[in-house]
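As the structure is a prediction and not an experimental result, all values here were calculated from the model. All ligand and atom numbering here is 1-based and tracks the order in the structure.
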Amino acid sequence: MASISDPPLLSDFTQLLRSCPTVSSSSSPIQNAAVATPRECELPVIDLSGLSSEREAERRSCAAAICRASSEWGFFQVVNHGISSELLGEMRKEQVKLFETPFETKARSALLNNSYRWGNPTATSPAQFSWSEAFHVPLTKISDPSCYGQFISLRGVMMEFAAAMSRLARTLAGVLVENLRHRGRSTAFDETCHESTCFLRLNRYPVCPLSPEMFGLVPHTDSDFLTILYQDQVGGLQLLKDSRWVAVKPNRDALIVNIGDLLQAWSNDVYRSVEHKVITNNKVERYSVAYFLCPSYDSLIGSCREPSVYRKFTFGEYRKQVREDVKRTGHKVGLPRFRLQIST
Ligand SMILES: C=C1C[C@]23C[C@@]1(O)CC[C@H]2[C@@]12CC[C@H](O)[C@@](C)(C(=O)O1)[C@H]2[C@@H]3C(=O)O
Ligand SMILES: O=C(O)CCC(=O)C(=O)O
Ligand SMILES: [Fe+2]
């Protein structure tokens, strides 16, 4: 049963169904959703304590595992990542409190820099609807006390969590960049990442009576360098592996890392930004927090090796194109827009 803290997802979705002439009443509300339960898989697990080992062979082998998983899967899990379970627990507790607030407050009280979103306002068909709500907070706003209203205890936790995720994301990106650097041109990677464009996204996936035919989050790739995800034990995240959807088995000790579009472009398709989605649950709600590592808008993304598969573009240009495509068609096109034509 929906509560006063839930956004009006069902009525919005029903309206979308009615306004969409292509969906017949006899067919499933979502034509493309993964109704058949896909295979559950354990993502590669990488023990990050290897990176700080005294033994060079161990450091190398850990870095190699990160790079291998980034090109074979585009996704992996990290354990011994250095973020304490106490901090993760605090973050989850505060996140739950925040989402338990009445919907009207979340939507109207300028909480977290007015960053509250739900459903999908740009959906043009039921298949583009996401059964979820989120706060999408730029890192530059996280320390601002005016963002928090009655949730002032969230501030310290968010600050500590963002700082820890930032460190981890930069370490992982550093390993991935270093691996390809000696083979091609180098870029001052660390300086291109910027607080003004990095963000934390707090996700909640309410119980969905229409599940499992609904997306909690529609299939997409992330428009960043890389993403680190802290999810609960409910499950629902699925990714494309060898053209098939596989369900990620939650691991209590691990954070999930995935490569974003910008690292795929920079690596000239060595690392892969893989499509993923979230499937809803009809019994329990689900929570996750994602950290997105992004460059400043004026950063030029060029390939680390030639011949480049993509034309050079700035992150600002990329974001604008994604936004325009989503607004016009309801879905993201992403990297294929920036692929160079191969002349034969
Ligand atoms: C409608 C969309 C916006 C989004 C791309 C998408 O097609 C589906 C997921 C959205 C999402 C969620 C996570 C990130 O916040 C985001 C930046 C991303 O990479 O995928 C957004 C996209 C967006 O707003 O550009
Ligand atoms: O909640 C999840 O498991 C995935 C979230 C996600 O893909 C995103 O926020 O981009
Ligand atoms: Fe994502």
**OP:** Would you please test Gln231 and Arg286 for side-chain hydrogen bond (donor to acceptor under 3.5 Å, both in side chains) and show each step?
**Re:** CA-CA 8 Å; Gln231 65 160 341; Arg286 172 175 184 267; 2.8 Å; yes
**OP:** Test Phe135 against Phe99 for ring-ring contact (aromatic ring centres under 6.0 Å, His included), laying out the working first.
**Re:** CA-CA 9 Å; Phe135 287 92; Phe99 280 109; 5.4 Å; yes
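- For the 3.5 Å distance criterion, the side chains of Asn203 and Ser132 fail to qualify, holding no donor opposite an acceptor.
- For Trp266 and Phe225, the ring centers sit 6.0 Å or farther from each other.
- Ser296 and Ser299 share a side-chain donor-acceptor pair at under 3.5 Å.
- Here the side chains of Arg117 and Arg201 are in contact, with some heavy-atom distance below 4.5 Å.
- Protein N/O/S atoms found under 2.8 Å from the Fe ion (ligand 3), listed by chain and residue number: His220 NE2, Asp222 OD1, His276 NE2.
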Original post:
Hey, mind stepping through Val248 and Ile256 against side-chain contact (heavy atoms from CB on, under 4.5 Å) and telling me if it holds?
Top reply: CA-CA 10 Å; Val248 174; Ile256 292 174; 3.8 Å; yes
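- Around CZ of Arg311, the count of heavy atoms belonging to other residues, nucleotides or ligands within 6.0 Å exceeds 12.
- Gln264 and Tyr310 share a donor-acceptor pair across their side chains, judged by distance under 3.5 Å alone.
- Judged by distance alone, the side chains of Gln15 and Ser19 never bring a donor and an acceptor atom under 3.5 Å apart.
- Within the 4.5 Å cutoff, the side chain of Arg92 has heavy atoms near those of the Tyr230 side chain.
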**OP:** Please lay out, stage by stage, how Tyr318 and Phe338 fare under the test ring-ring contact (aromatic ring centres under 6.0 Å, His included).
**Re:** CA-CA 9 Å; Tyr318 193 74; Phe338 295 81; 5.2 Å; yes
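- Closer than 4.0 angstrom to ligand 2 lie heavy atoms from Arg201, Asn203, Tyr205, Leu217, His220, Asp222, Leu229, Leu237, His276, Val278, Arg286, Ser288, Phe292.
- Residue pairs satisfying the side-chain hydrogen bond (donor to acceptor under 3.5 Å, both in side chains) criterion with at least one member in residues 72-83, sequence neighbours excluded, are listed as follows: Asp47-Asn80.
- Residues of the protein with a heavy atom under 4.0 Å from ligand 1 are His136, Phe199, Arg201, Val218, His220, Thr221, Asp222, Ser223, Phe292, Arg319, Val322, Val326, Lys332, listed by chain and number.
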